[in-house]
There are 2 protein chains.
Amino acid sequence: MTVTLKDVAERAGVSRSAVSRTFTPGASVSAKTRSKVEQAAAELGYAPSALASGLSTGRTKLIGLVSNNFRNPIFLEVFDLFTRAIQDRGLRPLLVNLSEDTDPEAAIRMLRQYSVDAVIVASSTLSAAFAANCKAAGLPVVHAFGRATRYPEVPVVGIDNVEAGRMAARALLARGYRDIGFLGGPAGATTTQDRLAGFRQELARHPGCRLRESFASTYSHDAGAVEMSRLMDSGPLAEAYFCGDDVIAIGALGVLRKAGREVPGDVGLIGFNDMEAASWDLVTLTTIRQPLDEIIAVSVGQAIALSEQPETPVTQTLLPLTLIERGTLRPEM
Amino acid sequence: MTVTLKDVAERAGVSRSAVSRTFTPGASVSAKTRSKVEQAAAELGYAPSALASGLSTGRTKLIGLVSNNFRNPIFLEVFDLFTRAIQDRGLRPLLVNLSEDTDPEAAIRMLRQYSVDAVIVASSTLSAAFAANCKAAGLPVVHAFGRATRYPEVPVVGIDNVEAGRMAARALLARGYRDIGFLGGPAGATTTQDRLAGFRQELARHPGCRLRESFASTYSHDAGAVEMSRLMDSGPLAEAYFCGDDVIAIGALGVLRKAGREVPGDVGLIGFNDMEAASWDLVTLTTIRQPLDEIIAVSVGQAIALSEQPETPVTQTLLPLTLIERGTLRPEM
DNA sequence: GGGCGAATTGCAACCGGTTCCTAAACCGGT
DNA sequence: ACCGGTTTAGGAACCGGTTGCAATTCGCCC
């Protein structure tokens, strides 16, 4: 059923190598053979086997796309952009869902078995060790949405979360908030820690400020709602909260509105990510946008570079954030 | 760098075939050789190449997962469930983003090149021709969220959209609505047409009813918002609307609330899909749930069956819908 | 027409497994 | 120790390409 090199070669009356060469860009074939081969190939509906070619060349044009974040709405956009970017470069994404109950080591073994050209880890909550293990296993890897470190093992493309914390603090201060809450994501997440560090830093420069800290158990709507409920039950609220991400913020917002609190009248809220729902009329969340498209473009570019040139030096790319002003913070004073 | 069969064979002091057999379930190897091989393999960190094995066996354990729906929030859940289901069965998803500007034929060629074991098309808006073309190209295929037809070419797993229309109509009628609107998805989509057909059918059984029909240009928040704005600008609204899906409904809901209309006080709204955001406190959308997990489990099961037994007869599986009552319809009378 | 270097071509080995087939090792029984 | 019937092991061909190398062909000039 499948048409092979040999079939085309016989039909075109040339050798198998000749056929292979006409399909290998930059190989030496005469115009005459090329056209004979191309015609035969077209007649037979020949498409070279990526498996066989991967086997002999060592490059499969497969990119392992690993994430553990299949429930956060922001990842819809992330997957869309990643798959497009990868496809546009002539590669294909082999998707790995690294949810709680799957073994990271097994995933790495699998990626090696399929000899993917490179791995892109797309997650801010996956430990840096995973990417490092990929590298140790000989897989070129880049960590998108990863954490910048002083001595990085693998290339990281993302944002400066400490700066994100500062930016949020500045936004709140500029709008006259002084009794301020940090409603972060999971306390153990590096994103949470970094943003909190930046947030504290900036508030510390304003003596009269009060900072209260609390954490949602996961980056999810319900965790945000639960934590905001808890805060409401345990005394007066702060004037405004910097939330771990948009989906946490939306959870908090829902609880506040349901309890009859006005946002931004009674309480201010600022999120993080600028996911699509943040701009819904029902939501209109003020937030900090991370440049997804750039992060992804750079990640894919680096993954490719690394797969072609394994000795490419490890770099970190931190891209700029933007404050997106909508309706959950009072206007600047 | 990569450890091969040969390396393991030499180290274990056996033939390459012996090694291959210890890694092939159900092959005949003595306990003694097996343990020698396993030890050697462990010492060397050997993992058999999926490429090579795919090349000789013809099965790659790759499943092509094709969709054109990377922006609808419901697909986050869909991708999560699909990737898990596929991985749990020992296969891996090769993701194909079939967005507007990508060539379907190229995608099929690509899937053949990688000799995927089967293709799952996950989309209600992708033409049935795509799946049919896969089949014609010799790829086992199942169409998840596809449309049931009288003489199906490929297996379809999904829901009965005509029944969905009826169900929505019954829900509205039962709550006393008589002046009723259909705010569908794109007019050309089969889902829209089928649901409208069922909707009409059921309303036709209630003589005193008025039905108005309109369509959002895409299954998206903004299209829903735009269409609802248009309706508001062009005269009095119906008492309640059946929306093309949840995201359209949420767009419409946002516009209504912004305009000061009460939902469900002034206007009722019912969506479709039961995506996660439908249950957010800010939204609490009454909707019709399609059983994603079952659709996906069945789809994956069929894809596997088909890949192992290509002559499996073509079946259609339509799974039951559930009305999820939240807060955008007045109570049943 | 002969000679020369460059462009093409085909052969054959190889990528890393799988599997058919035959030969060897093994088993219990006598 | 020998026999007959199973297992098990190894050799070799094959899956469908790629590529180094040597041989051939080509174009061009004298």
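Atoms considered below: every heavy atom in the structure, side chains included; atoms not considered: hydrogens, waters and symmetry mates.
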Would you please name every residue forming a salt bridge (charged side-chain N to carboxylate O under 4.0 Å, His left out) with [X], sequence neighbours left out?
X      : answer
A:E100 : B:R84
B:R147 : B:D194
B:R71  : A:D80
B:E105 : none

Using five base pairs at each end, measure the axis-to-axis angle across the helix from C:dG1-D:dC30 to C:dT30-D:dA1 and round it to 10 degrees.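 If I round to tens, the end axes sit 30° apart.
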Strand-adjacent residues in [range], judged by heavy atoms under 4.0 Å from DNA chain C:
range                     : value
residues 11-19 of chain A : A:V14, A:S15, A:R16, A:S17, A:A18
residues 45-58 of chain B : B:Y46, B:A47, B:P48, B:S49, B:A52, B:S53, B:L55, B:S56, B:T57
residues 28-42 of chain B : none

In this structure, how many angstroms lie between the C1' atom of C:dC21 and the CZ atom of B:R21, rounded?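 Result: 11 Å.
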Can you give each donor-acceptor pair under 3.5 Å made by side-chain atoms of residues 293-306 of chain A, sequence neighbours left out, with the distance rounded to 0.1 Å?
{"from": "A:S299", "atom 1": "OG", "to": "A:I295", "atom 2": "O", "distance (Å)": "2.7"}
{"from": "A:Q302", "atom 1": "NE2", "to": "A:T315", "atom 2": "OG1", "distance (Å)": "3.1"}

Pair [X]-[Y], side-chain donor/acceptor within less than 3.5 Å:
X      : Y      : value
A:Q290 : A:N273 : yes
B:S20  : B:S17  : no
A:N68  : A:S123 : yes

Is there a side-chain contact between B:R92 and A:L95 (heavy atoms, below 4.5 Å)?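 They are not in contact (no side-chain heavy atoms under 4.5 Å apart), so the answer is no.
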Mind checking side-chain hydrogen bond (donor to acceptor under 3.5 Å, both in side chains) for A:S124 and listing every partner two or more places apart, or none if nothing turns up?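 Once residues adjacent in sequence are excluded, A:S124 has no partner under the side-chain hydrogen bond (donor to acceptor under 3.5 Å, both in side chains) criterion.
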If you look only at distance, which donor and acceptor atoms sit under 3.5 Å apart when one is on a side chain in residues 39-58 of chain A and the other is two or more places apart or in another chain?
{"from": "A:Q39", "atom 1": "NE2", "to": "A:E43", "atom 2": "OE2", "distance (Å)": "2.9"}
{"from": "A:E43", "atom 1": "OE1", "to": "A:R11", "atom 2": "NE", "distance (Å)": "2.7"}
{"from": "A:E43", "atom 1": "OE1", "to": "A:R11", "atom 2": "NH2", "distance (Å)": "2.8"}
{"from": "A:S49", "atom 1": "OG", "to": "A:L51", "atom 2": "N", "distance (Å)": "3.2"}
{"from": "A:S49", "atom 1": "OG", "to": "A:A52", "atom 2": "N", "distance (Å)": "3.0"}
{"from": "A:S56", "atom 1": "OG", "to": "A:A52", "atom 2": "O", "distance (Å)": "3.2"}
{"from": "A:T57", "atom 1": "OG1", "to": "A:S53", "atom 2": "O", "distance (Å)": "2.7"}
{"from": "A:T57", "atom 1": "OG1", "to": "A:R59", "atom 2": "N", "distance (Å)": "3.2"}
{"from": "A:T57", "atom 1": "OG1", "to": "A:R59", "atom 2": "O", "distance (Å)": "3.3"}

Quick check for you: name the first and last nucleotides of DNA chain D, 5' to 3', having an atom under 4.0 Å from a heavy atom of chain A.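 Taking any atom under 4.0 Å from a heavy atom of chain A, the span is D:dG16 to D:dG20.
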